Amino acid sequence: MQPIAWQLSLVLMTLVAFGFAFVAINSGRRQDDYAPLQIRAYRLRTRLFWGLVLVFGPAMIYTLMDLPYGATRARTGSGAVQVIDATGYQWRWELSQDHVTAGQPVEFRVTSADVNHGFGIYDANLHLVAQTQGMPGYTNTLRHTFEEPGTYKILCMEYCGVAHHNMMTEIRVDAR
Amino acid sequence: MATYTYEHRPDHGAKAGVLAYLATSAAVLLLMMVFGLLMRLEQAQWISIGADRFYQLMTLHGAGMVGIAAIAGASVMWHFLRQHVELSSRIFVANLVLFLAGVVMILASVLLGRFHGAWTFLFPLPAKSMGMWSADAAALFMGGLLVIGVGFLLLHLDVARAIVARYGNFARALGWPQLFGHDDGKAPPPTVVASAMVTIVNVIGLVVGASILTMMLVNLYVPGFDIDPLLAKGMIYFFGHVFINATIYMAVIAVYEILPRYTQRPWKSNKVFLASWTASTLMVLFIFPHHLLMDFAFPKWMLIMGHIIGYLNTVPILVVTGYGALMIVYRSGIRWDMASKLLFLSLFGWAAGAMPAFIDGTITVNYVMHNTLWVPGHFHTYLLLGMVTMVFGFMYYLGKPDHEADDRLIDRIAFWLFASSVLGFTLSFLYSGKESVARRYAAHLPEWLPYDRIASVFAVLVIASSLLFVGRFFARIGLARHDYQRAPVARAATA
Ligand code: HEM
Ligand SMILES: [Cu+2]
Ligand SMILES: [Cu+2]
């Protein structure tokens, strides 16, 4: 997901840059009569608008199909759901269990005993694979199925005071 | 459809109050940039200041930058709006005085009281520091924000009064008769439409912000006065999102006013323009759940609304304002100087920054990018290369010695240095976000250091070029007060 976001951003930012560069390059010689230019530009803008609607409208809806909120996520794996209660404290995590089995869905029930924390799961390459907020008074249920065995890190993803960056723990994912 | 022609309006000099606003913003901006650099250097492990000082700087940088963005944006709005409606100079100055009082409180809270709960003062962190700061320090910080908020509320109420006095009501100021009925070409000018939008959203935003600040101040001393953390979060992000966005919607008035003077082409409030500003008014108010996408407990329909509005919100920026600038510049014969170049660049910065922003507002993307450096990546793009660049353009415009004056070579070099180093700086943030580097970390993992070091170098260059822009503004501040033609006449058509 992250590489797609990065590449898409670069492409879109570059397209915007091309638009501005094109106009800057063609700004020097004046066409006095603005009206015909305007008519052409408005026509192009209408096309641009519908182009954006056609490309990004479906993207916007498509990306709503697989939201992290519902219970459907747990179905990606097979076998019994492994439940872990995770509670954030300034500045440590308390997990009811710190090892799970790969390929089998895990349900993290995340909350906090004091301030807002963020529960971010990092894989062995230090890439963020899933997260939810840990908030006092609420329990957020995060469902994730680990495909790869290995050691995963839990990092805090919400600023919670002076040791926020040290609030880390690990989860071991064993092969089935 | 109404036709629009360019009418020349004389370039006015700035009132002393506007210059006081700009001077304050410029000075604080540079200082906060240095704080930003210190944070980056600490993450790069090139200096070692310690976590508590890092988070103190982070708190000051966030609050300070948001504050001066609002002050600078307000000065742009006030300068141009005054040419259309009758504004009170006293209230304008009172806002600056309250702002400075709030700044002193915040500085005392952070530097003496060691408060470092971040500018977002997320409940209940200010009250739960684990002994790192006292309740009094937290109260001083939130009190300072409250004082600043009251100042801005006064200013916006005065703007509201003046707009209503001239246009009758806000519907007319937003051009609704022309938007929903026959466009007779008599809709209020873009400056008035934008000011009306900003006034509506900021008054609501500030009232919500002041409410949560007051609730939290009470809670600090009377813990029995319970606050729902999720409600508090919603209110804080509502206020924060509206307030920081409003700074851009104020600053963009400089583009609407100044680029037409350079191109001798009209930038008028036609139907599309009016529709986009009315839409933006609503969207800025309803987009805030995109800050809460990882709060699974928040009402789901609101999160989906945040996702959708994130996409829609991009349309007016790209298709109306960004495109509008392209239209009036294309084959206009514009003479490029520092002011026109910076203003043109600023719309690129705003539009470019909107790209990673809406992508991050996609729930499935947010799931793996929320609170990584991707977030500072996109907002530094549209704040630094958009909002701040608009203000730099406005400063160059005010200080331009005469309409035919040429820029010095060093300024031209600084322009390109600024444009490229800001991009380098923000792309380092974005790339770090792609690599999952968490935001607001005083110490980074060894794997993350290379990006921090590259970003630090770019940050030095950003500061160097900004220093020159600001220095030039102060050197010419005497000129800025006078009324004379500043915008050069576009090249004549060559047959
Ligand atoms: C040379 C220019 C700048 C530098 C070097 C800089 C640097 C930084 C750094 C290092 C952070 C913390 C990133 C992290 O989470 O690890 C940050 C956050 C931030 N910056 Fe900047 N910045 C600059 C300009 C600006 C400008 C112009 C604005 C606004 C107008 C701004 C607004 C903010 C805000 C609101 C935050 C968030 C603070 C928080 O997370 O609590 N910055 N900046
Ligand atoms: Cu935490
Ligand atoms: Cu934390």
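In this text, all values refer to a predicted model and were calculated from it rather than measured experimentally.
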[X] side chain to [Y] side chain, donor-acceptor N/O pair below 3.5 angstrom:
| X | Y | answer |
| --- | --- | --- |
| Tyr55(B) | His165(A) | yes |
| Ser9(A) | Trp374(B) | no |
| Tyr441(B) | Asn166(A) | no |

Proximity breakdown for [X] and chain B, heavy-atom pairs closer than 4.5 Å:
| X | answer |
| --- | --- |
| Leu10(A) | side chain |
| Leu52(A) | side chain |
| Leu126(A) | both |

Is chain A contacted by the side chain of [X], its backbone, both, or neither, given a heavy-atom distance below 4.5 Å?
| X | answer |
| --- | --- |
| Ile334(B) | both |
| Phe123(B) | backbone |
| Asp360(B) | neither |

* Would you confirm whether the ring centroid of Phe56(A) sits within less than 6.0 angstrom of the ring centroid of Phe358(B)? =>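 For Phe358(B) and Phe56(A), the ring centres are under 6.0 Å apart.
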
* Is the gap between the ring centers of Phe296(B) and Tyr138(A) under 6.0 Å? -> no

* Minimum side-chain heavy-atom gap Thr63(A)-His307(B) below 4.5 Å ->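 Contact flag for Thr63(A)/His307(B) side chains = yes.
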
* **Contact summary for Ala5(A) and Val365(B), nearest pair of heavy atoms** => CB-CG1, 4.2 Å

* Which is it for Met157(A) and His370(B) under the side-chain contact (heavy atoms from CB on, under 4.5 Å) test, yes or no, and what are the steps along the way? -> CA-CA 8 Å; Met157(A) 303 302 290; His370(B) 180 66; 5.8 Å; no

